[in-house]
Amino acid sequence: MKPKGDRVLTGTQFLDGDQACCEGALAAGANFAAGYPISPSTEIVERFASRIPAVGGVFLQMEDELAASIAIVGATWGGAKAFTVTSGPGFSLMMEHIGYASMTETPCVFVDVQRGGPSTGLPTLPGQADMMQARWGSHGDYEIIALSPNSPQECFDLAIDAFNLAEQYRTPVMFMMDESVGHMTEKVVIPPANEIKVLPRRYTRLPPVEYRPFRPSPEGIPEMVKAGEGYRFHMTGLTHDERGYPAMDWQVQDKLVRRLVGKIRDHAADIVRCEEKHTFDAEIVVVAYGITSRVALKAVEMAREEGIRAGLLRPVVVWPFPEKRIRELAGRMKSLVVVEMNYGQLFYEVERAAGGRVPTSLVSHGGGAVHEPETILAEIRRAAQ
Amino acid sequence: MSEAIGVQPVNPVEPFLRTERMPHIWCPGCGIGTTVNCFARALVSSKLPLDKVAVVSGIGCTGRVAGYVRLDSFHTTHGRAIPFATGLKLANPELTVVVYSGDGDLIAIGGNHFIHAARRNADIKVICVNNFIYGMTGGQVAPTTPTAALATTTPYGAFERPFNLPFLAESSGAVYVARWTAYHVRHIAHSMSEAFKKKGLCFIEIIAPCPTLYQRRNHFGDGLEAMRYYKQKSVVRNGANTRDVQIDLQGEIVVGKFVDIERPTLKQAMDLQLRQKLDLPPSNGGGSHELD
Ligand SMILES: Cc1ncc(C[n+]2csc(CCOP(=O)(O)OP(=O)(O)O)c2C)c(N)n1
Ligand code: SF4
């Protein structure tokens with residue numbers, strides 16, 4: 001077998017979400033992946049393992065997710081564009097290194113194809129219950145970026161965005177798929193390579209004597225180096241100063257963590273992205289993301305046929321949360337309905353952003369199957385009364 | 001030569017250290033500093049281009065080594081230096097990647113990574129400072145603590161069988177395995193420079209004193225006393241069967257170079273397999289050279 005050696009598979013393809021995610025990572029320039037098999041995510045690395053040798057790069061199946069999630073950090077400092085792929089139980093094991101990547105400002109991507117949980121849960125069936133874990137799962141304070149695709153096309157497009165955001169903000173980015181999106185096959189249009197915007201790593205041009213690996217640019221984001229270039233730099237997960245040297249005092253802690261949090265919070269307006277359908281005249285807005293947004297849209301359209309002015313707000317970027325937009329909508333809505341495949345995660349964020357100005361309800365589902373549109377419709381009807 | 005007058009003789013190790021970070025955190029009499037001294041000497045004698053040497057540590061007193069050496073250096077998470085190093089080396093094959101950490105870090109929490117890196121023959125040089133104890137966290141039992149030794153979490157004496165690290169390393173697949181004590185400074189430096197030149201997973205265990213938490217609690221005296229003990233009780237047995245080099249409390253310590261074999265490294269094996277199967281040009285054999 002001679003595999004295709006093209007990094008970008010330009011053209012119209014029929015791919016499932018997992019395959020499309022892999023193609024997106026390749027198109028974004030990913031040349032290193034480490035993983036540990038787990039349903040329903042494994043197809044992403046299986047495809048990467050078969051594609052990458054001819055393209056130029058490495059896939060390594062590690063001994064566990066702790067290893068996979070730090071091998072990508074090591075690879076990144078060796079100059080690679082790296083990612084790892086997992087699902088619930090593996091995502092739990094990766095938490096320490098999400099914190100480590102945040103603390104060391106390592107640009108890399110963590111893909112979580114969510115399945116039902118907790119624990120081993122529903123290995124082959126969908127869930128959306130890792131959303132708060134993606135935000136808060138590692139100890140200590142940090143901000144994160146998380147994206148939520150709702151189609152194979154978006155698995156491709158947003159995977160590229162995930163890598164670009166990682167580079168732009170020097171941060172790990174969470175790519176929060178779900179089993180349904182991962183395993184559904186649809187048309188995916190892959191543009192020519194030269195039409196794909198890929199953000200290169202922002203390597204410093206400063207000479208080693210002047211370079212400080214953790215000195216922020218005016219936008220709050222330090223420039224990078226890689227190992228082997230004569231910078232003789234140090235990095236650590238300990239609280240550190242601009243040189244990357246440990247410093248055990250509250251002033252350095254405050255300066256560092258405030259910046260880590262700030263570099264994302266202060267750019268939230270640039271990062272946040274929502275898709276809206278029928279919100280221009282809506283009095284009921286349904287908030288849903290990932291696979292759930294597709295069922296929710298169906299319910300919204302059914303409600304509209306009944307004369308209920310319903311709309312859909314879909315956070316495409318989930319973290320940072322589109323709280324400004326929710327606040328605006330809450331000011332002129334009758335009701336907000338959150339639909340998600342868990343027992344309330346983003347719901348609390350919506351409620352917080354709505355600030356009590358409008359009733360907010362949740363259509364929950366424990367995972368294992370997507371919502372029935374009728375269940376959502378019933379809640380829209382109730383909210384419209 | 002008037003310029004030379006008044007110039008302090010520079011310690012040959014100093015250029016390798018982040019002197020601006022001194023004083024270091026290690027206790028008086030701690031063996032870790034001794035090993036770093038040997039490491040610096042090995043770097044000099046092996047004439048490696050220092051810009052291409054990276055040190056990766058886990059967490060612990062030994063884990064702080066990465067923070068003190070003037071090289072590209074990475075202080076990672078507890079137990080995970082080896083998988084970090086595996087990623088680093090694959091992404092940037094021209095680096096010499098040294099993992100420098102403690103026995104608890106490498107063999108307890110990191111034990112799974114250790115055996116797999118050895119199995120794969122990842123091209124990394126693992127330096128394990130074995131002080132028989134968890135130093136950083138205050139003297140708890142380690143998987144290397146000799147049976148009956150006292151630790152804070154085995155106040156009546158350790159009752160588990162400790163790992164025999166050279167045996168573990170060899171049976172997992174390491175291509176170079178040596179053990180020395182902190183007394184054997186020239187041997188340590190020599191083994192390190194041999195390991196730097198060798199491809200594949202090299203493992204050097206260095207028995208070193210933790211006077212503060214291990215020697216004192218077990219009434220073994222101070223750092224100097226430990227050196228005396230190492231001198232008296234260690235026997236050099238190059239090529240010894242690693243099965244026979246188990247350490248017990250205050251018994252004989254077999255030291256030497258035990259293993260030095262050839263086997264394809266992870267990257268060599270990967271490239272070979274892919275090239276054979278995929279009919280790739282030699283310049284692109286699973287090539288990580290395109291990783292820039
Ligand atoms: C995940 C995690 N668990 C526990 C710790 C606490 N911890 C720090 S160092 C250490 C043990 C270090 O012992 P060893 O590797 O033998 O190194 P030494 O300090 O003796 O050099 C432990 C348990 C940690 N930092 N991270
Ligand atoms: S506690 Fe032990 S290992 Fe740690 S620095 Fe002190 S003597 Fe060394």
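Just so you know, these numbers come straight off a predicted model, no measurement behind them. Chain letters run A, B, ... following the sequence lines, proteins first, then strands; residues in each count from 1.
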Lys255(A), NZ atom: more than 12 neighbouring heavy atoms under 6.0 Å: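 Counting other residues, nucleotides and ligands, NZ of Lys255(A) stays at 12 neighbours or fewer.
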Take a 6.0 Å sphere around CZ of Phe163(B) and say whether it holds more than 12 heavy atoms from other residues, nucleotides or ligands.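 Counting other residues, nucleotides and ligands, CZ of Phe163(B) stays at 12 neighbours or fewer.
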With chain A as the partner, which of [options] has the greatest number of non-hydrogen pairs under 4.5 Å?
options                                 : value
Glu20(B), His78(B), Glu94(B)            : Glu20(B)
Pro49(B), Gly79(B), Ala66(B), Ser73(B)  : Ser73(B)
Val69(B), Leu71(B), Ile82(B), Ile59(B)  : Leu71(B)
His116(B), Lys52(B), Arg80(B), Arg64(B) : Arg80(B)
Thr77(B), Asn112(B), Leu95(B), Val53(B) : Thr77(B)

Taking the side chain as every heavy atom from C-beta outward, state whether [X] and [Y] have any pair of such atoms under 4.5 Å apart.
X         : Y         : answer
Pro246(A) : Arg21(B)  : yes
Glu63(A)  : Ile115(B) : no
Leu60(A)  : Met270(B) : yes
His234(A) : His75(B)  : yes
Leu50(B)  : Arg232(A) : yes
Lys226(A) : Leu88(B)  : no

If you take all heavy atoms of Ala80(A) and Ala91(B), which pair is closest and at what distance?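 For Ala80(A) versus Ala91(B), the nearest heavy atoms are CB-CB, 3.9 Å.
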Contact summary for Phe84(B) and Val73(A), nearest pair of heavy atoms: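 Where Phe84(B) meets Val73(A) most closely, the heavy atoms are CE1-CG1, 3.7 Å.
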Do Asn92(B) side-chain atoms and Ala227(A) backbone N/O form a donor-acceptor pair below 3.5 Å?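 Answer holds: yes.
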Donor-acceptor contact present, side-chain Asp51(B) to main-chain Glu229(A), <3.5 Å: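 It does not hold such a pair.
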Side chain, backbone, both or neither: which part of Arg243(A) has an atom under 4.5 Å from a heavy atom of chain B?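 Only the side chain of Arg243(A) comes within 4.5 Å of chain B.
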Measure Ala67(A) against the heavy atoms of chain B and call it side chain, backbone, both or neither at under 4.5 Å.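 Contact with chain B is through both the backbone and side chain of Ala67(A).
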Go through the atoms of [X] and report whether side chain, backbone, both or neither lie under 4.5 Å from a heavy atom of chain A.
X         : result
Thr86(B)  : side chain
Arg119(B) : neither
Ala85(B)  : neither

Ring-face cation of Arg18(B) near Tyr245(A) (centre distance under 6.0 Å, axis angle within 45°):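 So Arg18(B) doesn't make the cation-pi contact.
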Between His113(B) and Asp64(A), does a side-chain contact (heavy atoms from CB on, under 4.5 Å) hold up when you go through it step by step? CA-CA 9 Å; His113(B) 309 310; Asp64(A) 61 25; 3.3 Å; yes
Under 6.0 Å between the ring centres of Tyr100(A) and Phe74(B)?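 No; Phe74(B) has its ring centre 6.0 Å or more from that of Tyr100(A).
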